[in-house]
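Accompanying notes for the structure given below.
Being a predicted model, the structure only gives us computed values, none of them experimental. In what follows, every heavy atom counts, from backbone to side chain, and hydrogens, waters and symmetry copies are set aside.
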Amino acid sequence: MLNCILVGIGGFIGSVCRYMIGLLPIEPDNGFPIKTLVVNITGAFAISLIAALAAKNKSFNPQLALMLRVGVCGGFTTFSTFAYEAADLMKKGSMGVAVEYILASVVLGVVAVFVAEMLVR
């Protein structure tokens, strides 16, 4: 139960941070979603940094790692998990599976948006 609470606290922190970045008055003229890009890249960096630190330092508190990775990074952006898992597959030598995962996630994610919108029309 403690792990669930820690993930929830981390999720709150990550979600609020994501919301606050969305409030920044940065709107490129061409409509490029720069704030989302910054969130996604920052989240991918953060989750990988936390994972690497936890793997390198055995005294790194596993509950803190859980709160930061699943909670904060997950609340901030699920892209961070996607990027970490895709890179992990590549590092393990599963390049074909990684490419399938990347393509399926991006293509099916975009298709899901259009399907959901069609269902509402």
Side-chain angles (χ1 to χ4, degrees):
M1 185 51 82
L2 177 60
N3 286 348
C4 289
I5 292 169
L6 291 172
V7 169
I9 291 168
F12 171 80
I13 293 167
S15 296
V16 169
C17 289
R18 172 70 177 97
Y19 173 72
M20 297 299 287
I21 289 173
L23 295 177
L24 293 174
I26 302 168
E27 300 296 334
D29 292 336
N30 65 358
F32 186 86
I34 188 70
K35 293 181 278 191
T36 300
L37 178 66
V38 167
V39 165
N40 288 340
I41 301 310
T42 303
F45 177 81
I47 197 170
S48 298
L49 181 65
I50 295 159
L53 287 171
K56 185 175 183 178
N57 183 357
K58 297 303 176 196
S59 64
F60 197 98
N61 184 318
Q63 288 181 316
L64 176 61
L66 177 71
M67 184 181 91
L68 294 173
R69 285 178 60 189
V70 178
V72 175
C73 291
F76 191 59
T77 172
T78 56
F79 182 82
S80 58
T81 302
F82 162 72
Y84 179 78
E85 290 173 344
D88 194 47
L89 286 168
M90 290 177 190
K91 287 186 285 187
K92 290 178 179 173
S94 299
M95 189 61 71
V97 175
V99 170
E100 288 174 12
Y101 178 55
I102 292 165
L103 290 174
S105 295
V106 173
V107 172
L108 294 175
V110 172
V111 168
V113 169
F114 284 112
V115 170
E117 289 175 352
M118 286 178 9
L119 289 172
V120 173
R121 283 186 211 163

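- Side-chain heavy atoms closer than 4.5 Å link hydrophobic residues (I, L, V, M, F, W, Y) into clusters, and following such links, even through other members, never connects Val120 to Val110.
- Nearest heavy-atom pair, Ile47 versus Tyr84, reported as atom, atom and distance to 0.1 Å: CG2-CB, 3.9 Å.
- Cluster annotation: Met20 and Leu68 are assigned to the same hydrophobic cluster (Ile/Leu/Val/Met/Phe/Trp/Tyr, side-chain heavy-atom contacts under 4.5 Å, transitive).
- Atoms CE and CG, on Met95 and Leu89 in that order, are 9.5 Å from each other to the nearest 0.5 Å.
- At a threshold of 4.5 Å between side-chain heavy atoms, the hydrophobic network of Ile, Leu, Val, Met, Phe, Trp and Tyr places Tyr101 and Val107 in two separate groups.
- We find the CG-OG1 distance between Leu49 and Thr42 to be 12.0 Å, quoted to the nearest 0.5 Å.
- Residues Ile102 and Met90 share a closest heavy-atom pair of CD1-CE, 3.6 Å.
- Of all heavy-atom pairs between Leu66 and Val7, the closest is CG-CG2, 3.8 Å.
- Here the shortest heavy-atom pairing between Gly75 and Arg18 reads O-CB, 4.3 Å.
- Rounded to the nearest 0.5 angstrom, Ser48 OG and Arg69 CZ are separated by 8.5 Å.
- In this structure Ala46 satisfies the side-chain contact (heavy atoms from CB on, under 4.5 Å) test together with Cys73, sequence neighbours excluded.
- Applying the side-chain contact (heavy atoms from CB on, under 4.5 Å) criterion to Ile34, with sequence neighbours excluded, gives Ile26, Pro28, Phe32, Leu37, Val38.
- Shown here for Ala86 and Ala98, the closest heavy-atom pair between the two residues is O-CB, 3.8 Å.
- In the displayed structure, Phe60 atom CZ is contacted under 6.0 Å by more than 12 heavy atoms of other residues, nucleotides or ligands.
- Under a hydrophobic clustering in which Ile, Leu, Val, Met, Phe, Trp and Tyr are joined whenever their side-chain heavy atoms come within less than 4.5 Å, directly or via other members, Val70 and Met1 fall into different clusters.
- In this structure Glu100 satisfies the side-chain hydrogen bond (donor to acceptor under 3.5 Å, both in side chains) test with no other residue, sequence neighbours excluded.
- Linking Ile, Leu, Val, Met, Phe, Trp and Tyr whenever their side-chain heavy atoms come within less than 4.5 Å puts Tyr19 and Ile13 in one cluster.
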Does Gln63 form a side chain to side chain contact (heavy atoms under 4.5 Å, CB included) with Met67? I'd like the steps, not just the answer.
CA-CA 6 Å; Gln63 288 181 316; Met67 184 181 91; over 6 Å; no

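- How far CG of Asn40 is from CZ of Phe45: 15.5 Å, rounded to the nearest 0.5 Å.
- Residue Phe79 comes nearest to Ile41 through the heavy atom pair CE2-CD1, 4.5 Å, listed as atom of the first residue, atom of the second, then distance.
- The neighbour count for Asp29 CG, taken as heavy atoms of other residues, nucleotides or ligands under 6.0 Å away, does not exceed 12.
- Looking at Lys35, its side chain does come within 3.5 Å of a backbone N or O of Gly22 through a donor-acceptor pair.
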